[in-house]
Amino acid sequence: MTTARIFFHSNIRFLRKRKKLTQEDIAQALGLLRNKLQPLETGVVKNPSIEDVIKFSEYFKISVDSLLKVDLSKLSELKLRELESGNDVYMTGTHIRVLAITVNDNNRENVEYVPVKAKAGYRSSYADPEFLATLPRFSMPNLPQGTHRIFPISGDSMLPIPDGSDVTTHYAEDWKNIKPGTPCIVILKGDQDFVFKMVTVMQDELLLKSLNTAYEPYTVPVSEVLEIWQFHSYQTREFPESQTDLQSLTRAVRDVQEELKIMRSTGSQKSK
C-alpha cells in the first residue's frame with residue numbers, strides 16, 4: 001500500500017504568498033508563534049495537529065480535504081476561486097465544508113431564523129454551531145428533506161413579494177444544480193448585504209436579477225459568495241391589495257386577445 005502524499009505544508013505556503021501575506025501576518029491572525037509557522041510551511045513538522053489544520057482551513061476558506069490532498073499550486077485561478085467559494089475539486093460542484101446545523105430533542109434539524117440584527121454575525125460565524133445556537137429556532141411541518149433557514153428580506157426589488165417578508169429557504173449544496181432564474185437568498189462575503197434575487201449560475205460568477213424591472217441585473221464573482229439558499233416559501237403580514245383598474249384592463253385585453261385567437265382558429269378550420 002502506497003503512502004498518500006500530503007500537500008499541507010506547501011499549500012499553506014502557497015496560499016500565504018498568493019495573498020501577499022508574511023509569516024508574521026499569518027502567525028498573528030492564527031495565534032501561532034512565528035517559529036512554529038516556519039517548520040509547518042517547510043514540512044519539518046510531518047504531522048501537524050488537527051487544531052492547526054482546522055485553523056488554516058478556516059482562515060483560507062479551503063476544506064481540510066483539499067488542504068491536505070490537493071496540490072493547490074497546480075490549479076488554475078478559476079479552480080482556486082471555485083475552491084475558496086466552497087466547490088469541491090473531487091465531487092464536481094458540490095460543497096465539501098460541513099454545514100453547521102442545530103437539532104431538536106428528537107434529533108431533527110431545526111429551522112433557524114436569521115434576524116436582521118444577526119446578519120453581520122452570520123457572515124462571520126455561519127459555520128459555527130455555537131453562533132447558530134443563539135438564533136431563534138423552529139420546527140416546521142411539510143418541508144422537503146434538507147436543511148432550511150428563514151431570512152427576512154428588505155426593499156422592493158422582488159415585488160410582488162413585499163418588503164419585510166420572511167423567506168423560508170433550503171440549502172443549495174451543489175450550485176451547478178441550480179436552474180437558471182431560481183429565486184435564492186445569496187450570502188455574500190465582507191460587509192455586503194444578503195440579497196434575494198433570481199439566480200443564474202455561470203462559469204465563474206452569478207447573474208442576479210430582480211423581479212422588479214426597475215432594478216438592473218448584475219453579476220457577482222463566485223469567490224464573493226459564501227452560501228446560496230433556494231427559495232421555498234415566504235410569509236408576510238401584508239394583506240394583498242385589491243386589483244387595480246389597470247390590472248383589470250390588462251386582464252380584459254388579454255381575454256379579448258384569447259377570444260380573437262380562438263375565432264381566427266375556428267374560421268381557419270371552417271374555410272378548409
Side-chain angles (χ1 to χ4, degrees), residues 11 14-21 57-63 65-67 70-100 114 119-120 122-127 146-149 151-159 161 167-232 234:
N11 280 341
F14 168 75
L15 291 170
R16 175 179 65 77
K17 290 183 176 181
R18 180 170 174 264
K19 292 182 177 294
K20 297 181 172 59
L21 299 170
S57 172
E58 292 179 345
Y59 181 79
F60 287 115
K61 293 182 171 59
I62 300 289
S63 76
D65 271 356
S66 294
L67 203 57
V70 179
D71 185 355
L72 300 178
S73 66
K74 303 297 184 185
L75 300 182
S76 67
E77 182 62 21
L78 175 58
K79 283 291 184 183
L80 283 168
R81 290 202 302 265
E82 287 182 351
L83 195 60
E84 288 172 330
S85 66
N87 294 324
D88 187 5
V89 295
Y90 295 111
M91 301 172 289
T92 306
T94 61
H95 289 125
I96 51 181
R97 72 169 179 81
V98 176
L99 178 68
V114 185
K119 280 186 174 182
Y122 186 88
R123 274 191 294 268
S124 60
S125 305
Y126 62 94
T147 298
H148 298 80
R149 273 183 200 149
F151 299 90
I153 63 169
S154 59
D156 61 354
S157 68
M158 288 296 278
L159 287 175
I161 299 178
V167 176
T168 301
T169 62
H170 65 272
Y171 181 62
E173 185 176 5
D174 187 344
W175 298 358
K176 292 185 178 179
N177 285 339
I178 297 174
K179 295 180 180 179
T182 297
C184 299
I185 296 283
V186 181
I187 314 298
L188 298 169
K189 291 182 180 178
D191 295 328
Q192 303 175 85
D193 200 0
F194 297 3
V195 293
F196 180 37
K197 300 292 180 184
M198 309 298 289
V199 172
T200 299
V201 180
M202 298 187 288
Q203 186 174 8
D204 59 353
E205 60 187 6
L206 301 184
L207 174 65
L208 305 179
K209 185 178 180 181
S210 301
L211 286 177
N212 186 341
T213 55
Y215 293 85
E216 293 291 328
Y218 62 97
T219 60
V220 296
V222 294
S223 59
E224 290 298 306
V225 179
L226 293 174
E227 293 180 334
I228 300 179
W229 294 82
Q230 291 183 234
F231 173 87
H232 175 266
Y234 75 93

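As the structure is a computational prediction, the values presented were derived from the model and not from experiment.
- Taking both residues in full, the closest heavy atoms of Pro217 and Leu207 are given as CB-CD1, 4.1 Å, listed atom of the first, atom of the second, then distance.
- In this structure, Thr200 and Leu206 have side chains that are not in contact, with every pair of non-hydrogen atoms separated by 4.5 Å or more.
- Between Ile178 and Cys184 the shortest heavy-atom distance is CG2-SG, 4.4 Å.
- The aromatic rings of Phe231 and Phe196 lie parallel to each other, their planes meeting at an angle below 30°, with 60° marking the opposite boundary.
- Residues Ile185 and Val195 have side chains not in contact (no heavy-atom distance under 4.5 Å, counting atoms from C-beta outward).
- In plain terms, the two heavy atoms of Ser57 and Ser63 that are nearest each other are OG-C, 3.8 Å.
- Nearest heavy atom pair, residue Val114 against residue Pro152, reads O-CD, 2.8 Å.
- Looking at Thr147 and Trp229, their side chains come closer than 4.5 Å, going by heavy atoms from C-beta outward.
- Using a 4.5 Å heavy-atom threshold, the side chains of Glu227 and Tyr171 count as touching.
- A distance of 7.0 Å separates OG in Ser66 from CG in Leu72, rounded to the nearest 0.5 Å.
- Between His232 and Thr169, every side-chain heavy-atom pair lies at or beyond the 4.5 Å cut-off.
- In this structure, Lys197 is positioned above the aromatic face of Tyr215, its NZ or CZ under 6.0 Å from the six-membered ring centre and within 45° of the axis.
- At a threshold of 4.5 Å between non-hydrogen side-chain atoms, the residues Ile62 and Val70 do not count as touching.
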For Arg123 and Ile187, run side chain to side chain contact (heavy atoms under 4.5 Å, CB included): C-alpha distance rounded to whole Å, both residues' side-chain angles, the deciding distance at 0.1 Å, then the answer.
CA-CA 7 Å; Arg123 274 191 294 268; Ile187 314 298; 4.2 Å; yes
Begin from the C-alpha positions of Arg149 and His170 and carry the test side chain to side chain contact (heavy atoms under 4.5 Å, CB included) through to its verdict.
CA-CA 6 Å; Arg149 273 183 200 149; His170 65 272; over 6 Å; no
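- The salt bridge (charged side-chain N to carboxylate O under 4.0 Å, His left out) test applied to Arg16 returns Glu41, not counting sequence neighbours.
- The backbone N or O of Met158 lies less than 3.5 Å from no partner atom in the side chain of Asn212, so there is not a single donor-acceptor pair.
- Note that CG of Leu226 is 9.0 Å distant from OH of Tyr122, once rounded to the nearest 0.5 Å.
- Taking the salt bridge (charged side-chain N to carboxylate O under 4.0 Å, His left out) definition, one finds that Asp193 meets it with Lys119, sequence neighbours left out.
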Could you go through Leu188 and Phe194, starting from their C-alpha distance and side-chain angles, then the distance that decides it, and tell me whether this counts as side chain to side chain contact (heavy atoms under 4.5 Å, CB included)?
CA-CA 6 Å; Leu188 298 169; Phe194 297 3; over 6 Å; no
Tell me, with the steps shown, if Val220 and Leu208 meet side chain to side chain contact (heavy atoms under 4.5 Å, CB included).
CA-CA 8 Å; Val220 296; Leu208 305 179; 4.0 Å; yes
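- Between the NZ atom in Lys61 and the CG atom in Leu15 there is a gap of 12.5 Å [rounded to 0.5 Å].
- Side chains of Val225 and Lys189 form no contact here, defined as non-hydrogen atoms less than 4.5 Å apart.
- A heavy-atom distance below 4.5 Å is not found between the side chains of Glu205 and Glu224.
- Here the CG-OG distance, from Asp204 to Ser223, works out to 8.5 Å after rounding to the nearest 0.5 Å.
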